[in-house]
Enquirer: 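This is the structure I want to talk about, given as structure tokens.
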Amino acid sequence: MTKCPVFISMCLLATIACEPDSEEIMDSSRDETEEILEHLAAVGFSDDYVDVDDNGHVFVGGDIHVTLSAAREMAPQASDDGEGFRQYRSTNLVDDDVICVDASVYTNNDRLDAIDGAIHRFNGQALDFEIRRVSGSEPDCDTVITVNEINGTGGSAGFPSDGHAYDTINMGDDVWSEFGQVRFRHLFMHELGHTIGFRHTDYYNRSISCGKGCNEGAGTMGVHHIPGTPTTATSNGSVMNACYSMNSDGEWSNNDVTAITHLYGVSFCDAFDGREISLKTRDDRFVRARDASNNWRLDARDGKNDDTSFTVECTNDMVWLRTSHGRYASPQGSGDSYIIRQRSGWNSQDFFEPIHYQNGRWEFATRYNRLMRARNGSDNWKIRQSSASQSDTRFRVHLEN
């Protein structure tokens, strides 16, 4: 990804562990590069946006490294019954359950916090994989993405292959100093998006986000329409735009969420069972299990603290929310406008059923066929039940671990 409006092509560095005959290495490298270029031409990439570095590595769109295995996976799909890809993606998808990010290149906690913020924005979308930040590798990692620091204000990554996320993200060393934390997080989210198979949203006209440039390549390569997303791009309209600017906010757009959910989305319980979460209201307050004499009510508050975390416990896709006090959220069905409280001990009636998900927000039905609601009233933003879906019955999930 590049900083708007300057186009910067980023390159990966390669090392050779052994030393066979140098001419054989060069011939093999040339053959591999030529094969990659042939596959890219077959699927419609414009020559204007295909670059080869001094080591024979091939890049498209300025920041996406294409390996030989990834290029080979593209080719048969492009010619499949003459219609090419049918989903909003670049090439291949991932089958990983756990994708690990090794950002040990950074010792600055601010940069690690920004990377954690990017990772949490993926994990909060209820996807069929989990992303973890690690130092080195862990036994559960299906793929380890190594973060490198390079010169400049851009970044690069690559397409997945063989069912695994691409294993390298390069981040420019001047991104933070020139553009700050939010743009750094935005760029990291963008490159993570490439590693799981997303192409630039404005691939067909880079001038939308970069200020100049044309089509990166024909649609047979990907970026085919997903139902519910627009067919056109706008400046700062997506984390996956080709270039970022000072107005980039490091947040998913609604269309980004629709796209990633279409490709990788799973049920609430598949994503969060056994995990510690917090719930944010539409007003960006946190649902709190208040430890007070007022019958252990749930309310909403500015800012997160220990009282705003819940552990998810699922049975048959029904959700029980255990509070930090060891009690359970309970939808009370009489008096006080159907308030939601805490109670001691687990009760079979204290469940919430996730019934609707849209653009990163969930609605939870209670045992009375009402919806959990953050009421905007004078009584300290109580969490109640509502008989109808509305804007304040939708909650965003934030992972706490």
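Just so we're clear, the structure is a prediction, and the values are computed from it rather than from any experiment.
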Enquirer: Using atom types as modelled and distance alone, determine if a side-chain donor or acceptor of H398 lies under 3.5 Å from a backbone N or O of I277.
Expert: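 Flag not set: sc H398 to bb I277 has no pair under 3.5 Å.
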Enquirer: Only one of D173, L187, D174 forms a side chain to side chain contact (heavy atoms under 4.5 Å, CB included) with T153, so which one is it?
Expert: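 Output: one option passes, namely D174.
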Enquirer: Which heavy atom of C141 sits nearest a heavy atom of V134, and at what distance?
Expert: SG-CG1, 4.5 Å
Enquirer: Verify whether one side chain among D167 and T143 offers a donor that lies under 3.5 Å from an acceptor in the other.
Expert: no
Enquirer: For residues 354-365, please give each side-chain donor-acceptor pair under 3.5 Å, one per line with the distance, not counting sequence neighbours.
Expert:
from	atom 1	to	atom 2	distance (Å)
H356	ND1	E363	OE1	3.1
Y357	OH	Q125	O	3.4
Y357	OH	Q125	OE1	2.8
N359	OD1	T258	OG1	2.9
E363	OE1	S389	OG	3.4
E363	OE2	S389	OG	2.7
E363	OE2	T393	OG1	2.6

Enquirer: What distance do D299 atom CG and T281 atom OG1 have between them, rounded to the nearest 0.5 Å?
Expert: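 The distance works out to 11.0 Å.
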Enquirer: Check whether the side chains of S238 and D256 place a donor and an acceptor atom closer than 3.5 Å, and report yes or no.
Expert: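 There is such a pair between these side chains.
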Enquirer: Any donor and acceptor pair, going by atom type alone, linking the side chain of N123 with main-chain N or O of L399 inside 3.5 Å?
Expert: no
Enquirer: Any chance you could lay out the side-chain contact (heavy atoms from CB on, under 4.5 Å) test for Y166 and I145, step after step, and finish with the verdict?
Expert: CA-CA 7 Å; Y166 186 77; I145 298 173; over 6 Å; no
Enquirer: Show, in sequence, the C-alpha distance, side-chain angles and deciding distance for F184 and I115, and conclude whether the side-chain contact (heavy atoms from CB on, under 4.5 Å) test is met.
Expert: CA-CA 8 Å; F184 185 95; I115 289 174; 3.9 Å; yes
Enquirer: For W320, check ring pair (Phe, Tyr, Trp, His ring centres under 6.0 Å) against everything at least two apart and list the hits.
Expert: W346, F351
Enquirer: L127 versus V266: any side-chain heavy-atom pair under 4.5 Å?
Expert: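 Of all side-chain heavy-atom pairs linking V266 with L127, none is under 4.5 Å.
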Enquirer: Once you round to the nearest 0.5 Å, how far does CD1 of I383 lie from CD1 of I339?
Expert: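 If we round to the nearest 0.5 Å, I383:CD1 and I339:CD1 are 9.0 Å apart.
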Enquirer: Check whether W252 reaches the backbone of R121 with its side chain - one donor and one acceptor, N or O, closer than 3.5 Å.
Expert: yes
Enquirer: Apply salt bridge (Lys or Arg N to Asp or Glu O under 4.0 Å) to R290 and D307, showing your working.
Expert: CA-CA 7 Å; R290 189 171 59 179; D307 295 340; over 6 Å; no
Enquirer: Determine whether a donor-acceptor pair (N or O, by modelled atom type, separation under 3.5 Å) exists between the side chain of D142 and the backbone of V98.
Expert: yes
Enquirer: So, T146 versus D102: side-chain donor-acceptor pair below 3.5 Å or not?
Expert: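 No, D102 and T146 have no side-chain donor paired with an acceptor closer than 3.5 Å.
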Enquirer: Quick one, R185 with E251, criterion salt bridge (Lys or Arg N to Asp or Glu O under 4.0 Å). Give me CA distance, side-chain angles, the key distance, then yes/no.
Expert: CA-CA 9 Å; R185 186 182 69 214; E251 298 288 349; 3.4 Å; yes
Enquirer: May I ask you to decide whether R375 forms a salt bridge with D392, counting only side-chain N to carboxylate O separations under 4.0 Å?
Expert: no
Enquirer: Sub-3.5 Å donor-acceptor pair from the side chain of Y264 to the main-chain atoms of I196, do we have one?
Expert: yes
Enquirer: Nearest 0.5 Å, what's the OG1-CG distance between T308 and D306?
Expert: 7.5 Å
Enquirer: Do Y244 and F179 have ring centroids that are under 6.0 Å from one another?
Expert: yes
Enquirer: Would you check if the side chain of Q385 reaches a backbone N or O of Q332 as a donor-acceptor pair within less than 3.5 Å?
Expert: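 Answer holds: yes.
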Enquirer: For S253 and N255: C-alpha separation, side-chain torsions, deciding distance, then whether side-chain hydrogen bond (donor to acceptor under 3.5 Å, both in side chains) applies.
Expert: CA-CA 5 Å; S253 71; N255 294 317; 4.9 Å; no
Enquirer: Quick check: are there more than 12 heavy atoms from other residues, nucleotides or ligands sitting under 6.0 Å from CG of N316?
Expert: no
Enquirer: Begin from the C-alpha positions of T315 and E313 and carry the test side-chain hydrogen bond (donor to acceptor under 3.5 Å, both in side chains) through to its verdict.
Expert: CA-CA 7 Å; T315 302; E313 298 178 3; over 6 Å; no
Enquirer: Nearest 0.5 Å, please: how far is CG in L371 from OG1 in T366?
Expert: 7.5 Å
Enquirer: Strictly distance-based, threshold 3.5 Å: is any side-chain N or O of D162 a donor or acceptor partner for the main-chain N or O of H164?
Expert: no
Enquirer: Taking atom CG of D110 as the centre, does the number of heavy atoms from other residues, nucleotides or ligands within less than 6.0 Å exceed 12?
Expert: yes
Enquirer: Does the S278 side chain pair with the main chain of S309, one donor and one acceptor, at a distance under 3.5 Å?
Expert: no
Enquirer: Can you confirm whether the side chains of H190 and H194 place a donor and an acceptor under 3.5 Å from each other?
Expert: yes
Enquirer: Please work out which of the three classes, parallel, tilted or perpendicular, describes the rings of Y368 and Y338, given edges at 30° and 60°.
Expert: tilted
Enquirer: Under 3.5 Å, is there a donor-acceptor pair between the T168 and N148 side chains?
Expert: no
Enquirer: Closer than 3.5 angstrom, by distance alone: can the side chain of R367 be matched with the main-chain N or O of P331 as a donor-acceptor pair?
Expert: yes
Enquirer: Side-chain donor-acceptor pair under 3.5 Å between D202 and S209, yes or no?
Expert: yes
Enquirer: Could I get the full list of side-chain hydrogen bond (donor to acceptor under 3.5 Å, both in side chains) partners for R183, not counting sequence neighbours?
Expert: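 By the side-chain hydrogen bond (donor to acceptor under 3.5 Å, both in side chains) rule, R183 matches no residue at all.
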Enquirer: Roughly how far, to the nearest 0.5 Å, is CZ of F310 from CG of L321?
Expert: 6.5 Å
Enquirer: What I want to check is whether the side chains of Q390 and S386 have a donor and an acceptor closer together than 3.5 Å.
Expert: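 Judged by distance alone, the side chains do pair up.
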Enquirer: Dump the intermediate steps for salt bridge (Lys or Arg N to Asp or Glu O under 4.0 Å) on R322 and E276, then the final yes or no.
Expert: CA-CA 9 Å; R322 178 160 50 85; E276 189 178 351; over 6 Å; no
